[in-house]
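Labels below follow one simple rule: chain letters A, B, ... track the order of the sequence lines, proteins then strands, and each chain is numbered from 1. Everything quoted here is computed from the prediction, not taken from an experiment.
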Protein chains: 2
Amino acid sequence: MFDDSWEPPAILLAVDLVILTLRDSRLHVLLIERGIEPHRGTLALPGGFLRDANEDIEDAARRELNEEAGLADVHLEPLNVYGEPGRDPRGRVVSVAYLAITPRLPEPVAGTDAVRACWTSVEDALSSDAELAFDHRRIVADGVERARTKLEHTALATAFCGETFTISELQQVYEAVWGIQLDPRNFYRKVQGARGFIVADGPLRRTANGRPARLFRAGPDQVLYPPMVRTAHVAPQGPNGSAN
Amino acid sequence: MFDDSWEPPAILLAVDLVILTLRDSRLHVLLIERGIEPHRGTLALPGGFLRDANEDIEDAARRELNEEAGLADVHLEPLNVYGEPGRDPRGRVVSVAYLAITPRLPEPVAGTDAVRACWTSVEDALSSDAELAFDHRRIVADGVERARTKLEHTALATAFCGETFTISELQQVYEAVWGIQLDPRNFYRKVQGARGFIVADGPLRRTANGRPARLFRAGPDQVLYPPMVRTAHVAPQGPNGSAN
DNA sequence: TAGCTTCTTGTCAGTTCGACAGGAAGTGCT
DNA sequence: AGCACTTCCTGTCGAACTGACAAGAAGCTA
């Protein structure tokens, strides 16, 4: 495999976080303004290096989640690895990106360590005039794409909601992440028909305007059957190429 | 983020390959018998360290694919990262696992560098009495699970076939990976109904026994619509808990 | 009580799905 | 050739599901 004199190269390991949430019925990602030099002043994903050689990678991700965003107990899953040789001027940095999903939060993220943390709509973050540090633009795009497809066949949507939620709140998640509009009546049927997706949570109620809605909580199953198929069902506005 | 005197820890980066193929109508994974010390003599996934600090991770994966399995031009996609602190006695080794899919090959893999490379049925590799080095058992399980779910909504199945294939060959892929049996007539309808999945490749023919089959090749689309939903449709043998 | 809002239950026609029958097109044997 | 056998492929039928839409239920405000 390799001769005895050869030593494998050492690299630096970082974690980056794509933290998604819903604000104002639109999908947002948390970005911070970098306070240190490579790309100082530009927007980037929260993240950082492994603290020491014994820290577990997912633990590091949760630590950064807490330090930089003040978050705990959120859905967290590995997204991908980004290790292209030239991506970081400090050396060979390999970054493990995680996807985190959180319910809508009280406000602009408290207790953060970073210079400035702000929720940015995904649309803005990915628009061509926004500048993101390193290859973070691609990481954001990958994270959003992951969320989009996982919504179809897993119960990931519930991670965007609080512990209990109404069906129309859940519908807003699908509409925001997919960028389309759905019929509330058919959505009801579908969501309730997927076994183990959501379970009723007491006949409680809520909201202030119309008829009170029933509350649900996440069900036991993660994989949805039948899946929530996303038919090209474009919103009221103009043509919107149903690209692959 | 961190004070100036602090230095991020260096780690060793490896790649591991879960190479799947179909042999004898069953899903197989390529394992090698380790020739060097940590876990010498036990079965493990092909893989190795990054060659130098400038090698791209995916390039390293393709290099190992070639060196250890004699393969090139196969489907290759990132699977996950495995970096738990105690997983390798040599130090802090973080391994990037890739999932590779290849059509059935001429024979037991030629030109390999490893002591012994052998195709093992996934069933055997994951059975409790098989011993795999490091955390490779879990990596194999993750790879198989990834293949199973990607078969549902992507054209991944075509990666198991040669450049051209018949519909029943494609069906065998689904049956082997999912471990269930499907009705050929309904499978036809479904596969042909998924736009962009497969396209006819001349009215050619093949096989030696029954009526010649039409040949197809992979179509332009990777995402399947409608998806190939996997209904619990158990094979002729006994009860088989439809677990999640 | 009327009017507004939002939630929830239905209905209906078109489509898809799973189970199954039967014809089409090769090979090999007598 | 004729027949048995194999595999491929096209159809059919009732059940289940889907998307479009109507109408009732249940709260608030005026």
- request: Give the rounded distance in Å between these two atoms: CG of A:L170 and C1' of C:dC7.
  value: 15 Å
field: CD/B:E131: more than 12 non-hydrogen atoms of other groups inside 6.0 Å
entry: no
Residue pairs passing the salt bridge (charged side-chain N to carboxylate O under 4.0 Å, His left out) test where at least one lies in residues 148-163 of chain A, sequence neighbours excluded: A:E77-A:K150, A:E145-A:R148, A:E152-A:R230, A:E163-A:R217
task: Report which part of the nucleic acid A:T166 touches: base, sugar-phosphate, or nothing (heavy-atom distance under 4.0 Å, all strands).
output: nothing
- request: Select from B:K190 and B:R185 the residue whose nearest nucleotide in DNA chain C is closer to the 5' end of that strand.
  value: B:K190
message: Please encode protein proximity along nucleotides 23-30 of chain C as a string of B, S and -, counting only heavy-atom distances under 4.0 Å.
response: BBBBS---
- request: Verify the contact: side-chain N or O of B:T231 to OP1 or OP2 of C:dC17, cut-off strictly under 4.0 Å; return yes or no.
  value: no
- prompt: What's the CD-P distance between A:Q171 and D:dG19, to the nearest Å?
  reply: 13 Å
field: Distance in angstrom units between A:Q192 CD and D:dT18 P, rounded
entry: 14 Å
Short N/O separations, protein against nucleotides 12-15 of chain C, under 3.5 angstrom:
none

query: According to the interplanar angle, ranging from 0 to 90°, do the rings of A:H136 and A:F134 count as parallel (below 30°), tilted (30 to 60°) or perpendicular (above 60°)?
result: tilted
task: Rounded to the nearest angstrom, tell me the gap between atom CG in B:N186 and atom C1' in C:dA21.
output: 13 Å
task: Please collect all salt bridge (charged side-chain N to carboxylate O under 4.0 Å, His left out) contacts where either partner lies in residues 166-178 of chain A, sequence neighbours excluded, each pair once.
output: A:E169-A:R206
task: Look only at the side chain of A:D183 and the backbone of A:R185, and say whether a donor-acceptor pair between them is shorter than 3.5 Å.
output: yes
message: Just to be sure I understand the rule, does A:R214 reach a base, reach only the sugar-phosphate, or reach nothing, if contact means heavy atoms closer than 4.0 Å?
response: sugar-phosphate
query: Mind checking what makes ring-ring contact (aromatic ring centres under 6.0 Å, His included) contact with A:F160, not counting sequence neighbours?
result: none
- prompt: Atom CD1 of A:I167 to atom P of D:dA25: distance rounded to whole Å?
  reply: 19 Å
Which donor-acceptor pairs under 3.5 Å do the side chains of residues 123-130 of chain A make with protein atoms, sequence neighbours left out?
unit_1, atom_1, unit_2, atom_2, d
A:S127, OG, A:D124, O, 3.1
A:S127, OG, A:D129, OD2, 3.4

task: Write down the distance between CG (A:L182) and P (D:dC21), rounded to a whole number of angstrom.
output: 15 Å
- line: Between A:P226 and B:L215, the residue closer to the 5' end of DNA chain D by nearest nucleotide is B:L215
query: Over how many whole Å does the gap from B:D183 atom CG to D:dT7 atom C1' extend?
result: 14 Å
Atom-pair distance (CZ on B:F187; C1' on D:dT10), nearest Å: 17 Å
message: Does A:R138, at its CZ atom, have more than 12 non-hydrogen atoms belonging to other residues, nucleotides or ligands within less than 6.0 Å?
response: no
query: In this structure, which one of A:W178, A:Y174, A:F197 forms a ring pair (Phe, Tyr, Trp, His ring centres under 6.0 Å) with A:F187?
result: A:Y174
